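The model shown is predicted, which means the values in this text are computed figures rather than measured ones. In what follows, every heavy atom counts, from backbone to side chain, and hydrogens, waters and symmetry copies are set aside. Order of listing sets the numbers, starting from 1, for every ligand and every atom in it.
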Amino acid sequence: MLDNIPEHGHWSGRLVFILAVSGSAISLGNIWRFPYMAGEYGGGIFVITYLVFLLLIGLPIMMAEIMLGRMGGHSPIYSIRKVAETNGQHRYWQVIGWLGAIAGFLILSLHSVFASWSMGYIFRAASGAFEGVSVDGVKAVFGFFINDPEKQLAWHTLFMLGTYYVVSRGVNRGLEPAIKVLMPLLLLILLVLLGHAVVSDSFTEGVRFFLLPDLGRISYLEQMSHVILAAMGQAFFTLSLGAGAIMAYGAYLPKNIPIMSTTLTIVLLDTCVAIIAGMIIFPLLFSTGLHAVDVVNGLPGQYGPELIFQTLPLAFGQIPGGVFYAAVFFLLLVLVAWTSAIALLEPFTAYLVERFSFSRQRAAGMLATMAWLLGIATLLSFNEWSDFRLLGNVAIFADKTIYQLLDFLASNILLPLGGLMIAIFAGWVLDWHTTEDELAHGQGYSSYAIWRFCIRYITPLLLVIVFCYSLLKALGEIPGVP
Ligand code: TRP
């Protein structure tokens with residue numbers, strides 16, 4: 001039966017594959033989460049820890065996902081099933097694909113909401129709403145926007161339609177052309193913003209704060225464990241692992257393209273973007289006197305979405321040319337969210353096409369509509385439903401809004417669990433020869449051996465730690481760290 005399922009096409013080359021996977025990986029996590037974590041957790045100390053875990057967790061799993069995708073050649077669900085069956089294993093391993101597809105679907109609905117805020121903010125910024133604005137002013141603009149669900153709904157709908165449009169046209173007519181335009185544009189914007197930061201007076205000061213190790217900012221030794229755990233979580237999250245997205249993209253990778261070196265390039269690109277984002281954000285905050293320590297202390301909001309939607313507009317409002325730079329910055333956020341949303345919709349769409357022989361339009365349309373509906377619930381959890389607790393009587397979820405619940409389920413449970421199972425499947429279930437054939441291509445033997453060692457012993461162990469930590473934190477066993 002697995003032989004008759006439809007093919008979806010192939011990437012036309014290595015570069016477009018690198019851009020596509022980077023497009024999925026680079027998202028709000030790079031622009032916003034990484035810089036704030038570095039600011040919070042001692043600058044360079046966090047950055048170095050993060051880089052180590054990127055090599056121990058992120059890189060091996062990304063290689064495994066791409067490898068499994070290419071071996072299977074289909075949606076993550078069918079790919080895993082096919083690889084399992086050809087290797088004499090039970091087809092139930094396809095649960096890995098299901099976990100990812102469901103997590104991806106949840107993340108898509110969340111992504112759309114943050115993208116819709118950014119879309120609204122492009123126009124606010126461009127109209128000069130932040131010029132010379134005060135702390136109360138930015139708070140008021142944010143409050144006004146958040147409490148206007150209709151407007152957000154319009155942006156959310158537009159974003160989902162855009163995502164649907166690209167995915168419905170398939171790999172060669174939709175994903176590839178979109179990625180070829182969006183990724184260069186996104187990187188160009190990043191460079192324009194970086195250029196502006198480099199010539200500002202506060203560049204050195206901001207970058208020192210961001211990249212130099214500063215033990216003074218980690219007040220207790222016990223906090224070091226939080227730094228380590230935050231770095232581990234981010235090293236996994238930033239590469240979009242466990243959601244089937246990378247595996248789905250791997251399925252369209254031509255056989256002659258080497259996986260190990262290509263993955264390394266992608267990881268480097270993702271890291272560069274995160275570091276550039278910090279190099280843009282910190283000098284900006286320093287140049288306007290919004291010293292990052294104030295941000296740490298919660299001015300005007302804390303780290304959550306407030307950093308992006310309040311602190312940064314406040315800072316942009318105080319610099320010459322701020323109207324332009326702020327608008328372009330929010331455009332950047334929309335672009336990164338869009339390229340990730342495409343990757344989030346693709347795996348499940350591919351599955352529906354394979355399983356029910358649906359047309360791409362129909363499959364992507366159904367899923368986008370469902371994610372859109374779920375997104376409405378997320379959107380409302382910031383206003384009309386902000387007091388509503390879906391699982392109010394379940395202790396661990398008692399204080400979570402719908403948004404927090406979906407985010408927790410996807411990012412803290414489903415993704416790490418999916419990642420762990422991928423490591424076990426690729427490292428323990430598949431034998432040496434099978435994976436060596438696909439990964440090493442008869443060359444790169446020693447890098448292959450290192451990969452195999454990590455994916456068998458180190459990566460799973462670290463993922464178990466991340467997973468247990470998330471659970472204990474949710475249960476309140478670990479005091480509240482952001
Ligand atoms: N990597 C994304 C970021 O850094 C977030 C993300 C997690 C994601 N899992 C994903 C994006 C799966 C696309 C697909 O923000």
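- By the 4.0 Å heavy-atom criterion, Ala343 is excluded from the residues contacting ligand 1.
- The protein heavy atom nearest to atom 14 (C) of ligand 1 is Leu344 CD2, 3.0 Å.
- Centroid-to-centroid, the aromatic rings of Trp117 and Tyr121 stay 6.0 Å apart or farther.
- Trp11 and Tyr249 have perpendicular rings, their planes meeting at more than 60° on a 0 to 90° scale where under 30° would count as parallel.
- Here the two rings, on Tyr457 and Trp428, have centers that are under 6.0 Å apart.
- Numbered from 1 in the order shown, with element, the atoms of ligand 1 that lie under 4.0 Å from a heavy atom of Ala243 read 12 (C).
- The aromatic ring centres of Tyr351 and Trp98 sit less than 6.0 Å apart.
- In terms of polar-atom proximity, defined here as any N/O pair under 3.5 Å, Phe237 does make such a contact with ligand 1.
- The contact set between ligand 1 and Asn30, taken as ligand atoms under 4.0 Å from a residue heavy atom, comprises 4 (O).
- Of the candidates Ala25, Ser340, Gly29, Ala25 brings a heavy atom nearest to atom 2 (C) of ligand 1.
- You'll find the ring centres of Phe282 and Phe209 inside the 6.0 Å limit.
- Between Phe105 and Phe348, the ring planes are perpendicular. Angles over 60° get that label, and only those under 30° would be called parallel.
- Counting heavy atoms under 4.0 Å from ligand 1, residue Ile107 touches it through the side chain alone.
- Neither the backbone nor the side chain of Ser411 comes within 4.0 Å of ligand 1, counting heavy atoms alone.
- Close approach of ligand 1 to Leu28 is summarised as follows: ligand atoms under 4.0 Å from at least one heavy atom of the residue are 15 (O).
- Nearest-residue assignment for atom 10 (C) of ligand 1 (options Ser27, Ser24, Ser240; heavy-atom criterion): Ser240.
- In this structure, a donor-acceptor pair under 3.5 Å is absent between the side chains of Glu176 and Tyr252.
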